[in-house]
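Note that the structure is predicted; figures quoted are calculated from it, not measured.
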Amino acid sequence: MATKKPYTRHDVLFSSGDSSCAAWLYLPTGVTSPPVVILGHGLGATRDMRLDAFAEHFAKAGIAAFAFTYRHFGDSGGHPRQLLSIKKQLADWDAAIAWVKARRGLDGTRIAVWGSSFGGGHAITVASRHPELRAAVAQCPFTDGLASALALGPAATLKAAPVIARDLAAKARRNAPVTIPLAGAPGSLALMNAPDALPGYRAIAPAGTTFRNEVAARVIPSLVTYRPGRAAKNIAFPILFCISNTDTVTPPAQTLRYARTAPQGEIKTYDAGHFDFYLGAPFEELVHDQIDFLTRHLDPAPTTPTPGRIASNRR
């Protein structure tokens, strides 16, 4: 007799602004009106880049998971393609929360947001704007664009200036965007060129992914001025910060300073790098910590436990 799967996955398309976002809804089997965690990814990443792995574990723990891809990327709508707008991405989060609240069969009073990398920064911003939520998780979060730009180095920023100018001219003429790689080799022109950036993106992109390693260059000035960590002090409910001690993209010292301002913040630190969080033992440790946190604050119905690694954790 076949074992019943602990969750079901459903394809969803929800409206946001002038277009729509594609998403997956994971429903835990046999759980009536479960709480929900909404998952959003990092710079230019799509939900098939390991958000599904986190969502599956949450669903097995009795928590419905709603993983979406931002407009202009992957199989979501929006034109032109590969356009990263902070304002639009935050609107996508608002639209995802509204969809979850309206969806029958989910408990719209027990919602958490979960973001990784750039999405981790968005999770902080969204949490500060939605006091009705129950909890938030910010994984290796982008908290300060200026700190990240300084980590990349001033020479890299200057190298990007001509590309930014060409893309802004293309925007004015309504031409296709002039793009820059999201991740590149050390010393190359890219939003991220730390040694682990390009291998890290490649490691989490599955075969047949809709991910494209490029973004409209016009976003760079807004990235430098985006400092979502400043909103941590305004979050009215528990938030878990999962921080890499060796992060090459989001400097951990600045992230820790912001995390400590959250009134109900919990901090976990890990020796794994920024891109290691999605795979292997670091992933298992992270998802264990996050399930513990979300279970405490979303109070899901009990489920039958499955054998797995129980990791020790550090504060």
Given side chains that start at C-beta, do those of [X] and [Y] come closer than 4.5 Å, heavy atoms only?
X: Leu39; Y: Val113; result: no
X: His10; Y: Thr8; result: yes
X: Gln89; Y: His72; result: no
X: Arg227; Y: Tyr258; result: yes
X: Ile86; Y: Ser222; result: yes
X: Leu279; Y: Ile204; result: yes
X: Arg218; Y: Ile164; result: no
X: Pro300; Y: Pro34; result: no

Tell me, yes or no, whether the heavy-atom count around [X] atom [atom1], taken from other residues, nucleotides or ligands under 6.0 Å, exceeds 12.
X: Arg202; atom1: CZ; answer: no
X: Arg9; atom1: CZ; answer: yes
X: Lys88; atom1: NZ; answer: yes

**Q.** salt bridge (charged side-chain N to carboxylate O under 4.0 Å, His left out) between Arg296 and Glu266, intermediate numbers included
**A.** CA-CA 12 Å; Arg296 282 188 281 118; Glu266 298 182 28; 2.9 Å; yes
(Q) Could you walk me through whether Tyr7 and His57 satisfy the ring-ring contact (aromatic ring centres under 6.0 Å, His included) test, starting with their C-alpha distance in whole Å, then the side-chain angles of each, then the deciding distance to 0.1 Å, before giving a yes or no? (A) CA-CA 10 Å; Tyr7 61 86; His57 278 70; 9.4 Å; no
Keeping [X] on the side-chain end and [Y] on the backbone end, is there a donor-acceptor pair under 3.5 Å?
X: Ser244; Y: Ala272; answer: yes
X: Gln264; Y: Ala236; answer: yes
X: Ser16; Y: Ala95; answer: no
X: Asp276; Y: Gly273; answer: yes
X: Asn213; Y: Ala183; answer: yes
X: Thr209; Y: Phe211; answer: yes
X: Ser20; Y: Ser15; answer: no
X: His274; Y: Thr250; answer: no
X: Asp167; Y: Thr179; answer: no

Does a donor on one side chain sit under 3.5 Å from an acceptor on the other, for [X] and [Y]?
X: Thr255; Y: Thr143; result: yes
X: Thr295; Y: Asp292; result: no
X: Thr46; Y: His41; result: no
X: Asp75; Y: Thr210; result: no
X: Asp107; Y: Ser33; result: no
X: Arg71; Y: Ser76; result: no
X: Ser188; Y: Asn193; result: no

Q | Audit row: Ile97, Val126, side chain to side chain contact (heavy atoms under 4.5 Å, CB included) steps and yes/no | A | CA-CA 10 Å; Ile97 292 170; Val126 171; 3.7 Å; yes
Count I, L, V, M, F, W, Y as connected when their side-chain heavy atoms are under 4.5 Å apart, and connections chain through other members. Are [X] and [Y] then in the same cluster?
X: Leu198; Y: Val249; answer: no
X: Ile38; Y: Phe118; answer: yes
X: Leu168; Y: Leu83; answer: no
X: Val163; Y: Leu84; answer: yes
X: Leu240; Y: Leu133; answer: yes

With under 30° as parallel and over 60° as perpendicular, where do the rings of [X] and [Y] fit, or are they tilted in between?
X: Phe277; Y: Tyr270; answer: perpendicular
X: Phe54; Y: Tyr278; answer: perpendicular
X: Phe66; Y: Phe14; answer: tilted
X: Trp24; Y: Tyr26; answer: perpendicular

**Q.** Phe237/His130 under ring-ring contact (aromatic ring centres under 6.0 Å, His included): CA gap, chis, key distance, verdict
**A.** CA-CA 10 Å; Phe237 47 77; His130 285 271; 9.4 Å; no
Distance check, rounded to the nearest 0.5 Å: [X] atom [atom1] versus [Y] atom [atom2]?
X: Asp247; Y: Asp196; atom1: CG; atom2: CG; value: 8.0 Å
X: Asp92; Y: Cys21; atom1: CG; atom2: SG; value: 3.5 Å
X: Arg47; Y: Thr69; atom1: CZ; atom2: OG1; value: 4.0 Å
X: Thr29; Y: Lys60; atom1: OG1; atom2: NZ; value: 11.0 Å
X: Leu298; Y: Arg110; atom1: CG; atom2: CZ; value: 7.5 Å

Q.
Taking the six-membered ring for Trp, are Phe68 and Trp99 closer than 6.0 Å centroid to centroid?
A.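 No: the rings miss the under 6.0 Å criterion.
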Q.
Between Tyr226 and His122, is the ring-ring contact (aromatic ring centres under 6.0 Å, His included) condition met? List the steps.
A. CA-CA 10 Å; Tyr226 186 40; His122 287 336; 5.6 Å; yes
Q. Under 4.0 Å between a Lys/Arg side-chain N and an Asp/Glu carboxylate O for Glu132 and Lys101?
A.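 Answer for the salt bridge query: yes.
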Q.
I want to check a possible cation-pi pair here: Arg81 against Phe73, using under 6.0 Å from ring centre and within 45° of the ring axis as the test.
A.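 Relative to the ring axis of Phe73, which defines the angle, Arg81 lies outside at least one limit.
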(Q) With side chain to side chain contact (heavy atoms under 4.5 Å, CB included) as the criterion, how do Ile267 and Arg260 come out once you've worked through the C-alpha distance, each side chain's angles and the decisive distance to 0.1 Å? (A) CA-CA 8 Å; Ile267 299 171; Arg260 289 174 182 138; 3.8 Å; yes
Could you tell me which non-hydrogen atom of [X] sits nearest to which non-hydrogen atom of [Y], and how far apart they are?
X: Ala136; Y: Phe293; value: O-CE2, 3.3 Å
X: Ala123; Y: Trp114; value: CB-C, 4.4 Å
X: Phe58; Y: Val37; value: CD1-CG1, 3.6 Å
X: Gly120; Y: Ala138; value: O-CB, 3.8 Å
X: Pro228; Y: Gly121; value: CB-O, 3.3 Å
X: Gln139; Y: Ser116; value: NE2-OG, 3.0 Å

Q.
Val215 and side-chain contact (heavy atoms from CB on, under 4.5 Å): which single residue from Ile220, Leu191, Leu223 fits?
A.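 The option that passes is Leu191.
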